[in-house]
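Chain identifiers are assigned alphabetically (A, B, ...) following the order of the sequence lines, protein sequences preceding nucleic acid strands; residue numbering begins at 1 within each chain. Here the structure is a predicted model, which means the values were calculated and not measured.
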Amino acid sequence: MYLSIFVILQKKLENTPNKTSMSKNLVIVESPAKAKTIEKFLGSDYQVMSSFGHIRDLAEKGIGIDFANNYKPEYVVSTDKKKVVAELKKATKGAEVIWLASDEDREGEAIAWHLYDELKLKDDNTKRIVFHEITKDAILNAIQNPRKIDLNLVDAQQARRLLDRIVGFELSPVLWRKIKPSLSAGRVQSVAVRLIVEREREVNKFEAESAYKLSALFNTTDINGKALVLKAALQQRFTEKKDALAFLELCKKAQFSVADIVKKPTKKSPAPPFTTSTLQQEAARKLGFSVAQTMIVAQRLYEAGNITYMRTDSVNLSSLAIGNSKTEIIAMAGEKYVHTRQFSTNTKGAQEAHEAIRPTYMNVHTIEATSQEKKLYELIWKRTIASQMADAELEKTQIFISISGSKNQFVATGEVIVFDGFLKVYLESIDDEGDTENEGLLPVLKKNEPLEYSEIDAQERFTQKPPRYSEASLVRRLEELGIGRPSTYAPTISTIQNRKYVEKGDRPADKRDFNFIKLKHDKITDTIKSENTGAEKSKLFPTDIGGVVNDFLLDYFPDILNFNFTADVEKEFDNIAEGKIEWTKAIDKFYKKFHPIVEDTLKNSERQVGERILGNDPATGRQLSVKIGKFGPLAQIGTSEEEEKPVFASLQRNQSIESITLEEALELFKLPRQIGDFEDKVMTVAVGRFGPYIRHDGSFYSLPSTDDPMQVTNERAIEIIETKRELEKNRLISSLGENNEIQVLNGRFGPYFTCNKINYKIPKTVEAASLTFEQCQELIAAQPDAGVKKKGFTRKAPSSNKTKK
DNA sequence: CAGTGAGCGAGCTTCCGCTTGACTT
């Protein structure tokens, strides 16, 4: 028996303190991991518990606001917080002093106030404290300097909360009525969708322009007399081919010489330590993580005590962290590599309740964990260390090469690192790297030295279309606009995908021809080459629904969709926080303007289907149009007004009502298509809900994505049918148990077994064919989670208890 | 799994921002 059962040791983050006697002091923080750390600093007189974030929120049923009663909010303890609140309440009974230690920002202040209110705390023994770093000094210092709850700041949070509720819960029903049920709109998500829709249209509208780029290779020698090729580019580009040709003609007879050599020292400085958003971007670029994946891995690192809190907008490091970084850098590279810095945040609306994301202990360079955790940890370690290291010093050299008979010059550029500084450890990646060239060392040359070309070419280059957003670059853009918070970037991206406004996907490269003209040995050759260009991987594309919802909202609610809306209301929230205006007045001002537009839109706007008329069907002369139907985008020949019923066809997955052409739409009506007989039964190709398929004798056979349903031949269809039959035949490996209750099968991801309709994994170390009934039983016992749907990084699922069957 | 393209129509859907789990047949 080689089976070993892995027991997953789950980290217990529960709230019940392991003390028998009540402590005199009760400290409440937001996060259980934080509570654990702080408890160690404070000694036995203090019991530290966690609120697990907000404990109450506006009622979920209805809008949760009493409009008739000066916007009185109806707060309800969230179902998943009932237990936490009960435990906290019990703990407050025995405590002499209650310390509310939630974060020092708008949301944290509100958490403190909700606790105060819900736990019915008393003014005389409740103290509000804050600290920015989890160190003994910072915490003891906080205890020495308690204050009262800042009610103005709480009011600013209430205004934020109600505004979001009003916008979300009044706009969404408009969409249900005018477009489709279950859709949603909100201050953050709708702007995110807008960014993606507008970028897609820019891409579709984009027309590449070309110009001729000239580059030359010159024969030179290095210091030791060894042959070395010098690569240089012409400063000017030619838009016309004839000009490029004329220039090469001129080069044939020209004399080249070194006109000037310019050396310039330059510097590179390290990037600041990670915030949530920059961590998401770098993990995507360097490790290929999705935004949600980064957050899940970071959460585990945080819970294990490896890193500081992972939801932060601050680039600030504690003095302790800076000091420890310095020690590490000296040990690793020496004193001259140290350059400590305190970075400051310039992000709009940043609240800086935490430190930057950094390793808890700078002397831990790497950790033993899963490979993902290890990689992310090392990334964080390097970025933090590098941020406290010296600038890199570079020397940039440009060699200008004159051409007799022309005012133009070739320029060779080289860059050498004089002192590597922080580059020893870390270099930030950039998105969408263009053509980088002429790096590295240049030969030693003298001014006026003649040069001889070995070849010169003129290559047609095209301007690049704007890049589509990736998850991470969308987060960066939202952060720039001050929209959303570190805790919501990942959920927002999930929401707009769950609503089917946006899809993550790939696009293959297009093949493009370009002119390539070469001058060598005084001979000019003119050829056409081709390149692959514009491939996209894991980018965000708007769906038709996304486009229609966006256009509708933009039409009727331009203020909400405005990129500055959040920034503007934030100013208002700041005024509330400073006590300059009452929060209900601010909400009233907004509501009085907003609500009538909602009413008006409900009454006066048309139902939105995104209809586009493409032209007429040449066969019948009837109108051909595309629109969004109940089951997604469709093409339709004829209209419902005509006596003859319209004919419908669904659009393919990669087609969109915005860009489909008349010709492409006409193709759709050629399916279903009979392609011949097999075993005396007819074979039909069609496209269904799950993509293209072949139907034969009552069975369905999916078409691989490499096959075009319009092109599939009789022979190819038979091949597809036979491959599937073969697979089916080999699917069953063995049947186990007296009544065959367990079946070992070959699946898409390798062998697995199924029992009572639940599928179970088979460890890689076990030969599937030799599995016994008993072994399977053990595996079932070891996989209690099998069959349970894995939860992604999404917003709370619609409360399923209410609609219990 | 793979047709559909409509309104006798119940009752439902939805926001953003804090934080981590998960009652048992």
Side-chain angles (χ1 to χ4, degrees), chain A residues 10-15 29-35 50-58 60-64 78-81 83-84 102-103 105-112 114 157 160-177 180-190 299 302-303 309 311 351 353 483-489 491-492 495 499 560 566 609 627-636 640 645-650 672 684 686-695 698-703 785 788 791 795-796 798-799 801-803:
Chain A
Q10 269 188 324
K11 185 163 296 295
K12 290 235 167 167
L13 295 170
E14 58 194 22
N15 236 345
V29 295
E30 291 179 38
S31 146
K34 201 165 160 181
S50 158
S51 76
F52 293 81
H54 273 295
I55 54 156
R56 300 199 301 199
D57 192 14
L58 293 175
E60 272 204 61
K61 241 181 88 187
I63 200 158
S78 330
T79 31
D80 54 334
K81 297 294 166 57
K83 209 175 131 197
V84 177
S102 44
D103 297 343
D105 58 12
R106 201 161 64 203
E107 297 297 327
E109 204 67 19
I111 288 174
H114 279 297
Q157 193 272 348
R160 198 280 303 158
R161 183 65 192 93
L162 267 76
L163 179 107
D164 282 336
R165 173 54 69 87
I166 292 169
V167 170
F169 275 39
E170 295 220 337
L171 279 190
S172 300
V174 177
L175 299 182
W176 306 342
R177 287 267 300 275
K180 215 176 115 161
S182 301
L183 295 177
S184 66
R187 173 177 58 84
V188 174
Q189 60 169 283
S190 296
Q299 174 92 31
Y302 169 67
E303 285 174 7
Y309 197 57
R311 290 185 278 263
Q351 309 208 359
I483 298 173
R485 307 277 312 124
S487 67
T488 59
Y489 294 137
T492 299
T495 300
R499 299 269 172 278
I560 308 291
T566 293
V609 290
K627 67 175 189 188
I628 291 180
K630 194 176 174 188
F631 308 108
L634 62 84
Q636 138 179 17
S640 48
K645 278 203 167 173
V647 189
F648 300 97
S650 288
T684 318
V687 177
R689 197 151 123 57
F690 305 99
Y693 65 95
I694 297 162
R695 184 168 196 156
S699 301
F700 297 93
Y701 304 87
S702 287
L703 237 59
D785 289 345
V788 179
K791 193 174 167 280
R795 292 205 154 268
K796 212 181 342 169
S799 45
N801 344 352
K802 270 189 277 184
T803 52

**Student:** Which of these nucleotides, B/dC15, B/dT19, B/dC18, is closest to any side-chain atom of A/His54?
**Tutor:** B/dC18

**Student:** Would you mind classifying the nucleic acid contact of A/Ser640 as base, sugar-phosphate or nothing, using non-hydrogen atoms under 4.0 angstrom?
**Tutor:** nothing

**Student:** So, is A/Arg311 close to the B/dT19 phosphate, meaning a side-chain N or O under 4.0 Å from OP1 or OP2?
**Tutor:** yes

**Student:** Quick one: which of B/dT19, B/dG17, B/dA2 gets closest to the side chain of A/Pro32?
**Tutor:** B/dT19

**Student:** Looking at every strand, decide which applies to A/Ser702 at a 4.0 Å heavy-atom threshold: base, sugar-phosphate, or nothing.
**Tutor:** base

**Student:** Please check the phosphate of B/dT13 (OP1 and OP2 only) for any side-chain N or O of A/Ser172 closer than 4.0 Å.
**Tutor:** no

**Student:** Quick one: is B/dC15 close enough that its OP1 or OP2 comes under 4.0 Å of any side-chain N or O from A/Ser184?
**Tutor:** yes

**Student:** Considering every strand and a 4.0 Å limit on heavy-atom distances, what is the contact class for A/Arg177: base, sugar-phosphate, or nothing?
**Tutor:** nothing

**Student:** CD of A/Gln157 versus C1' of B/dC15: gap in Å, rounded?
**Tutor:** 13 Å

**Student:** Consider the side chain of A/Glu303, meaning its heavy atoms from C-beta on, and name the nucleotide among B/dC18, B/dC15, B/dG21 that approaches it most closely.
**Tutor:** B/dG21

**Student:** May I ask you to say what A/Gly629 touches in the nucleic acid, namely base, sugar-phosphate or nothing, with a heavy-atom cut-off under 4.0 Å?
**Tutor:** base

**Student:** Base, sugar-phosphate alone, or nothing: which one does A/Gly64 contact when heavy atoms must sit under 4.0 Å apart?
**Tutor:** nothing

**Student:** Please classify the nucleic acid contact of A/Tyr309 as base, sugar-phosphate, or nothing, using heavy-atom distances under 4.0 Å.
**Tutor:** sugar-phosphate

**Student:** State, to 0.1 Å, how close A/Trp176 and A/Ser182 come at their nearest heavy-atom pair, and which atoms those are.
**Tutor:** CD1-N, 3.4 Å

**Student:** Between A/Gln189 and B/dC16, does any side-chain N or O lie under 4.0 Å from OP1 or OP2?
**Tutor:** yes

**Student:** Check this one for me: any side-chain N or O of A/Thr488 less than 4.0 Å away from OP1 or OP2 of B/dC16?
**Tutor:** no

**Student:** Nearest-Å distance, CD1 (A/Ile166) to C1' (B/dT14)?
**Tutor:** 14 Å

**Student:** Indicate, with a heavy-atom threshold strictly under 4.0 Å, whether A/Arg165 touches base, sugar-phosphate, or nothing.
**Tutor:** base

**Student:** Classify the nucleic acid contact of A/Arg187 as base, sugar-phosphate or nothing, counting any heavy atom under 4.0 Å across all strands shown.
**Tutor:** sugar-phosphate

**Student:** At 4.0 Å (heavy atoms only), tell me whether A/Gly108 reaches a base, stays on the sugar-phosphate, or touches nothing.
**Tutor:** nothing

**Student:** Ring stacking, A/Phe169 with base of B/dT14, under 5.5 Å and under 30°?
**Tutor:** yes

**Student:** Does a side-chain N or O from A/Tyr489 land closer than 4.0 Å to OP1 or OP2 of B/dC16, or not?
**Tutor:** no

**Student:** Could you check whether A/Trp176 and the base of B/dT14 form a stacked pair, meaning centres closer than 5.5 Å and planes differing by less than 30°?
**Tutor:** no

**Student:** Please work out if A/Val188 contacts a base, only the sugar-phosphate, or nothing of the nucleic acid, heavy-atom cut-off 4.0 Å.
**Tutor:** sugar-phosphate

**Student:** Remember a base hit wins even if backbone is also touched, and classify A/Leu163 as base, sugar-phosphate or nothing at under 4.0 Å, heavy atoms.
**Tutor:** nothing

**Student:** Using a heavy-atom cut-off of under 4.0 Å over every strand shown, decide if A/Ala185 touches base, sugar-phosphate, or nothing.
**Tutor:** sugar-phosphate

**Student:** Return the 5'-most residue of the pair A/Leu58, A/Pro486 with respect to DNA chain B, ranking by each residue's nearest nucleotide.
**Tutor:** A/Leu58

**Student:** What are the two closest non-hydrogen atoms of A/Lys81 and A/Ser51, and how far apart are they?
**Tutor:** CD-O, 4.1 Å

**Student:** Does A/Asp103 come within less than 4.0 Å of A/Arg311, counting only side-chain N to carboxylate O?
**Tutor:** no

**Student:** When the distance from NZ of A/Lys81 to C1' of B/dC23 is rounded to whole Å, what number comes out?
**Tutor:** 17 Å

**Student:** Looking only at side-chain N and O atoms, does A/Arg160 come under 4.0 Å of OP1 or OP2 in B/dC15?
**Tutor:** no

**Student:** Looking across every strand, which nucleic acid part, if any, lies under 4.0 Å from A/Gln299 by heavy atom: base, sugar-phosphate, or nothing?
**Tutor:** sugar-phosphate

**Student:** Under the 3.5 angstrom rule, does the side chain of A/Ser172 hit a backbone N or O of A/Gly168 as a donor-acceptor pair?
**Tutor:** yes

**Student:** Quick check for you: among B/dT4, B/dT20, B/dC15, whose closest atom lies nearest to any side-chain atom of A/Ser650?
**Tutor:** B/dT4

**Student:** Suppose we screen for side-chain hydrogen bond (donor to acceptor under 3.5 Å, both in side chains). Which residues come up paired with A/Glu107, at least two apart in sequence or across chains?
**Tutor:** A/His54, A/Gln157, A/Arg160

**Student:** Rounded to whole Å, please give me the gap between CG in A/Leu171 and P in B/dC16.
**Tutor:** 10 Å

**Student:** Quick one: A/Arg56 CZ to B/dC18 P, roughly how many Å, whole number?
**Tutor:** 18 Å

**Student:** Where does DNA chain B pair, written as one dot-bracket string 5' to 3', with Watson-Crick or G-U pairs under 3.5 Å, ( ) inside the strand, [ ] for crossing pairs and | for another strand?
**Tutor:** .........................

**Student:** According to ring pair (Phe, Tyr, Trp, His ring centres under 6.0 Å), who are the partners of A/Phe700, at least two apart in sequence or on a separate chain?
**Tutor:** A/Tyr693

**Student:** Among residues at least two apart in sequence or on other chains, which ones pass ring pair (Phe, Tyr, Trp, His ring centres under 6.0 Å) with A/Tyr489?
**Tutor:** none

**Student:** Would you say a side-chain N or O of A/Ser31 is under 4.0 Å from OP1 or OP2 of B/dT20?
**Tutor:** yes

**Student:** Return the nearest nucleotide to the side chain of A/Leu634; candidates are B/dT19, B/dG5, B/dT14.
**Tutor:** B/dG5

**Student:** Give, for atom OG of A/Ser102 and atom NE2 of A/His114, the distance between the pair rounded to the nearest 0.5 Å.
**Tutor:** 11.0 Å

**Student:** Which whole-number value in Å describes the distance from A/Glu109 CD to B/dG17 C1'?
**Tutor:** 16 Å

**Student:** If the P atom of B/dT19 is compared with that of B/dC23, how far apart are they to the nearest Å?
**Tutor:** 23 Å

**Student:** Calculate the interatomic distance between A/Tyr701 atom OH and B/dC1 atom P; express it in whole Å.
**Tutor:** 14 Å

**Student:** Under the rule for side-chain hydrogen bond (donor to acceptor under 3.5 Å, both in side chains), what residues qualify as partners of A/Glu170, not counting sequence neighbours?
**Tutor:** A/Tyr591, A/His595

**Student:** Specify the separation, in whole Å, of atom CD of A/Glu170 and atom P of B/dC15.
**Tutor:** 15 Å

**Student:** Describe the nucleic acid contact of A/Arg161 in one word from base, sugar-phosphate, nothing, applying a heavy-atom distance below 4.0 Å.
**Tutor:** base

**Student:** Taking the C1' atom of each, how far is B/dG7 from B/dG11, in whole Å?
**Tutor:** 16 Å

**Student:** Test of understanding: with side-chain contact (heavy atoms from CB on, under 4.5 Å), list the residues that count as partners of A/Pro646, not counting sequence neighbours.
**Tutor:** A/Gln636, A/Phe648

**Student:** Test your reading of the model: is there a side-chain donor-acceptor pair from A/Ser50 to the backbone of A/Glu30, 3.5 Å cut-off?
**Tutor:** yes

